[in-house]
Each structure stands twice: as C-alpha cells, then as structure tokens.
Amino acid sequence: MIPLLRLSGKPWIWSWLAAFIVWFLTIMVTLGASTLGLSQAALTFAAFSVIVGIGQMFVITLGPGNIDLSVPATMTLAGTVALKLMNVENGMILPGLLVVIVIGFVVGLCNYALIKALRIPPIIATLSMSFIVQSAAIWTNRGLRIKPPSVLAEFTTSNTLGAPNVAIVALLISILAWFLLEKTIYGRWISAIGQSMPAARMAGIPVDGTRFVTYLFCAVLASVAGYLLACFSGGAALNMGSEYLLTSIAVVVIGGTAVAGGDSNVPGIWGASLFMFLVVSMLNTYGLGAGIRLIMTGLIIISVIMLAGGRRPGMR
C-alpha cells in the first residue's frame, strides 16, 4: 500500500495512467482486434512528440517565460534541406544528418542571440525566428516533394523485435536526457536557474551559457525530429511540423514538468505523448466528428492536468 501511495505522488504516473485507460477503452471497443497495431502505431507517432517534447522540456525547465516556438519551422526546414541534400541516395544519409544538426545549431544560436542581445522575451524571440526559418523552408522546398533514401525510409517505418525503430531512437534520446538532468552538473544548473535565476547567478552558475546550450539542444532535437518525420512520411511538407507546436508544450505540461521551471520529468513525456495519440485514436474509433474530437480532446487534457496538478506536492 505504501509503495502505491509513493507512486501516486510521482507527477508522471498520471499521464501513464491516462494513456493506459484510453488504450484499454480503445481495445475494448475493437474487441482486441487492433491491440498490436494500435500499440505499435502509438509508439511510432508518440516517438516524434517525445523527441520535440524533451527539447521543449529542457527550455521550460529554465523558468517562467522560457519556451521555444520555432520548433515546427525548424522541423520543416531540417526535413526539407536534408531530403534535398540526400537526393534519394543512401550514401548521403550521414551528410544529411550532419546538416540537420548544423541547422538545429544555427537556429538555436539565433534564438538565444535574439533573447540575449535584444533583451526580448523568449516567446517573442523564438516566434520571430520561426517566421524566418519557415520562410527559408518555403524557399528551399518550392513545391517539390523528394523521397528519402530507401535505407532511411525502411528504417523509420520498420520494427526491431516488435518495437518501432523511431521509438527506439526516441528512447535512446530519452535516456540521454535523463542522464543529463539527473547525473550531470548541467542538469543541476538548469534546475537551479528555473527555481531562481538571481539566486543561480549569486551561486556562480553560468546562467547565460547554460541557457544558450539549452536552446541549442532544443533546436537540434527539433531538427532531428523533422529529419526522421520527413523520412517516415516519404517526403517533407511545409506543414509537417505545425501540429508539434502545441503538442511539444502539451506533452511537457501533461507529463508533470513544472511550468514554473526548475523541475523536469522525462518519463512523463512518454506517458503524455502516448496519451495524446491514443485520445485521437479512441475518438476516431467511436466515429466522432472532427469538431467534437477537438472539444473532447481539450476537455480530456484539461482533466488530466487538473488530476496531476492536484496531487503534486506544494501545488494549490
């Protein structure tokens, strides 16, 4: 009984519980016919939300006002440029990945340059940057839809021991994120900055350098997600990253990360990402219209946030 009570105090448990309930209800409606397919689809599509959500989580952990709205545009630009560079050639996969990382680095650098040099709020800086990045993606795409290299397309759409490959990649990134947050001084620095930036400065923490690296990390993860999504989808579209603007924020909040900063939650990102996909799948299974699905999705998300928030220590 005591272990269960301790477990209920973990913020991430509620997103996982919500995901399991929605998964179970969907399976019951289909009489178990779609158990394997639904589970694999949930892991596959949740993987992209996990990757961008982790980057957003690091930024939000820095404290109030820190958020990256350039994630969708970065995904689009990275996917577009990578596919054009690789030009369906398997030998160009590694150069394509390197270019994607460089794109993320440049976007992250510009984001923080706007924040620091112009002293404007991160939400405004990253929103402004997103227009520039999206314009670059439009100029690069020019209506063309280039297919990904066959090896990369097969990798992103295949499974290993029953687990989707993109989910395995997301899991590896999650392990790296957990290690950075829990086992390195960098993780302690961003938590301290999120709790109180003035106190962090007084303690000798390199606040500017830490924030700079965090925005770089978020942009690079968005680029990698765009790279994988473009290969999984069979091409890069100009709206491919649009749904991940709110999703990258929602999975952080639903997953139990403190919006006020200073407290992050990697396991919760997975639970929230699975939950977000499964809610849509469940409502589709019930045959509800698009408008009703959106309303119910919003209500369900609010309910989960209230349930999780009501059980967090120190919350009112």
Checklist entry - Is there a donor-acceptor contact under 3.5 Å from the side chain of Ser196 to the main chain of Ala192? => result no
Checklist entry - Does the Thr247 side chain pair with the main chain of Tyr244, one donor and one acceptor, at a distance under 3.5 Å? => result no
Item to check | Heavy-atom closest pair, residues Pro72 and Leu245 | outcome: CG-CB, 3.5 Å
Next on the checklist: Can you give me the closest heavy-atom contact between Gly271 and Ala19, atom names plus distance?
Outcome noted: O-CB, 3.7 Å
Checklist entry - Between Thr156 (side chain) and Ala153 (backbone), is there a donor-acceptor pair under 3.5 Å? => result yes
Next on the checklist: Quick check: is Trp139 connected to Val81 through a chain of hydrophobic side chains (ILVMFWY, heavy atoms under 4.5 Å apart)?
Outcome noted: no
Item to check | Backbone of Leu274 reached by a side-chain donor or acceptor of Trp16 within 3.5 Å | outcome: no
Item to check | Gly53 versus Val251, closest heavy-atom pair with distance | outcome: CA-CG2, 3.9 Å
Next on the checklist: Could you report the tightest heavy-atom contact between Thr76 and Gly241, atom names first, then the distance?
Outcome noted: OG1-N, 3.7 Å
Checklist entry - Distance only, no hydrogens: is a donor on one side chain within 3.5 Å (strictly under) of an acceptor on the other, for Tyr186 and Thr214? => result yes
Checklist entry - Is there a donor-acceptor pair closer than 3.5 Å between any side-chain N or O of Asn239 and the backbone N or O of Ser242? => result no
Item to check | Nearest non-hydrogen partners of Ser174 and Val266, listed with the distance | outcome: O-CG1, 3.7 Å
Checklist entry - After noting the C-alpha distance and the side-chain angles of Leu77 and Gln134, does the key distance pass the side-chain contact (heavy atoms from CB on, under 4.5 Å) rule? => result CA-CA 7 Å; Leu77 179 61; Gln134 186 68 24; over 6 Å; no
Next on the checklist: Testing the basics here: between Ala42 and Leu278, what is the closest heavy-atom pair and its distance to 0.1 Å?
Outcome noted: CB-CD2, 4.0 Å
Next on the checklist: Tell me whether Val213 shares a hydrophobic cluster with Val220, the cluster being built from Ile, Leu, Val, Met, Phe, Trp, Tyr side chains joined at under 4.5 Å.
Outcome noted: yes
Checklist entry - Do Val252 and Leu176 belong together in a cluster built from hydrophobic side chains that touch within less than 4.5 Å? => result yes
Checklist entry - Are Tyr227 and Leu152 side-chain neighbours, meaning at least one heavy-atom pair lies under 4.5 Å? => result yes
Checklist entry - Do the side chains of Tyr112 and Leu216 get nearer than 4.5 Å, heavy atoms only? => result no
Item to check | Check: Ile269 and Asn265 side chains under 4.5 Å, non-hydrogen atoms | outcome: no
Item to check | side chain to side chain contact (heavy atoms under 4.5 Å, CB included) partner of Phe212, chosen from Ile115, Leu109, Val207 | outcome: Leu109
Checklist entry - Donor-acceptor pair, Thr80 side chain versus Ala137 backbone, under 3.5 Å? => result no
Item to check | Spacing of CG belonging to Leu228 relative to OG1 belonging to Thr44, to within rounding of 0.5 Å | outcome: 12.0 Å
Checklist entry - If two hydrophobic side chains count as joined below 4.5 Å and joins carry through other members, does Leu246 share a cluster with Leu127? => result no
Checklist entry - Any side-chain heavy atom of Lys183 sitting closer than 4.5 Å to one from Trp178? => result yes
Next on the checklist: Applying salt bridge (charged side-chain N to carboxylate O under 4.0 Å, His left out), can you list everything that pairs with Lys147, at least two apart in sequence or on another chain?
Outcome noted: none
Checklist entry - Considering only heavy atoms from C-beta outward, does the side chain of Gln40 approach that of Asn159 to under 4.5 Å? => result yes
Checklist entry - Going from SG on Cys110 to CD1 on Ile132, what distance comes out if it is rounded to the nearest 0.5 angstrom? => result 7.5 Å
Checklist entry - Do Arg201 and Asp208 come within less than 4.5 Å of each other through their side chains, counting heavy atoms only? => result yes
For residues 56-70, please give each side-chain donor-acceptor pair under 3.5 Å, one per line with the distance, not counting sequence neighbours.
from	atom 1	to	atom 2	distance (Å)
Gln56	OE1	Asp68	N	2.8
Gln56	NE2	Asp68	O	3.0
Gln56	NE2	Ser248	OG	3.1
Thr61	OG1	Met57	O	2.6
Asn66	OD1	Arg211	NH2	3.1
Asn66	OD1	Tyr215	OH	2.9
Asn66	ND2	Gly63	O	3.2
Asp68	OD1	Ser70	N	2.9
Asp68	OD1	Ser70	OG	2.5
Ser70	OG	Asn111	ND2	3.0

Checklist entry - Do the non-hydrogen side-chain atoms of Val71 and Cys218 ever get within less than 4.5 Å of each other? => result yes
Checklist entry - Taking a hydrophobic cluster as the set of Ile, Leu, Val, Met, Phe, Trp and Tyr residues connected by side-chain heavy atoms closer than 4.5 Å, whether directly or through intermediates, do Phe24 and Val279 fall within one such cluster? => result yes
Next on the checklist: Run Phe48 and Phe232 through side-chain contact (heavy atoms from CB on, under 4.5 Å) and show every step you take.
Outcome noted: CA-CA 10 Å; Phe48 301 110; Phe232 174 80; 3.9 Å; yes
Which atom pairs, donor and acceptor, lie under 3.5 Å between side-chain atoms of residues 85-99 and protein residues at least two apart or in another chain?
from	atom 1	to	atom 2	distance (Å)
Asn90	OD1	Ser150	N	3.3
Asn90	OD1	Ser150	OG	3.4
Asn90	OD1	Val151	N	3.1
Asn90	ND2	Ser150	OG	3.2

Checklist entry - Is it the case that Ser39 and Trp23 place a side-chain donor and acceptor less than 3.5 Å from each other? => result yes
Checklist entry - Which distance, rounded to the nearest 0.5 Å, do you find between the CD1 of Ile168 and the OG1 of Thr160? => result 4.5 Å
Item to check | Donor-acceptor pair, side chain of Ser223 and main chain of Gly104, under 3.5 angstrom | outcome: yes
Checklist entry - Atom OG1 of Thr210 and atom CD1 of Ile193: how far apart are they, to the nearest 0.5 Å? => result 4.0 Å
Checklist entry - Could you walk me through whether Ile254 and Met276 pass the side-chain contact (heavy atoms from CB on, under 4.5 Å) check? => result CA-CA 9 Å; Ile254 297 174; Met276 292 285 287; 3.9 Å; yes
Next on the checklist: Distance check, rounded to the nearest 0.5 Å: Ile185 atom CD1 versus Ile190 atom CD1?
Outcome noted: 12.5 Å
Checklist entry - Is Ser273 reaching over with its side chain to a backbone N or O of Trp270, donor-acceptor style, under 3.5 angstrom? => result no
Item to check | Any donor-acceptor N or O pair under 3.5 Å, side chains Ser158, Asn165 | outcome: no
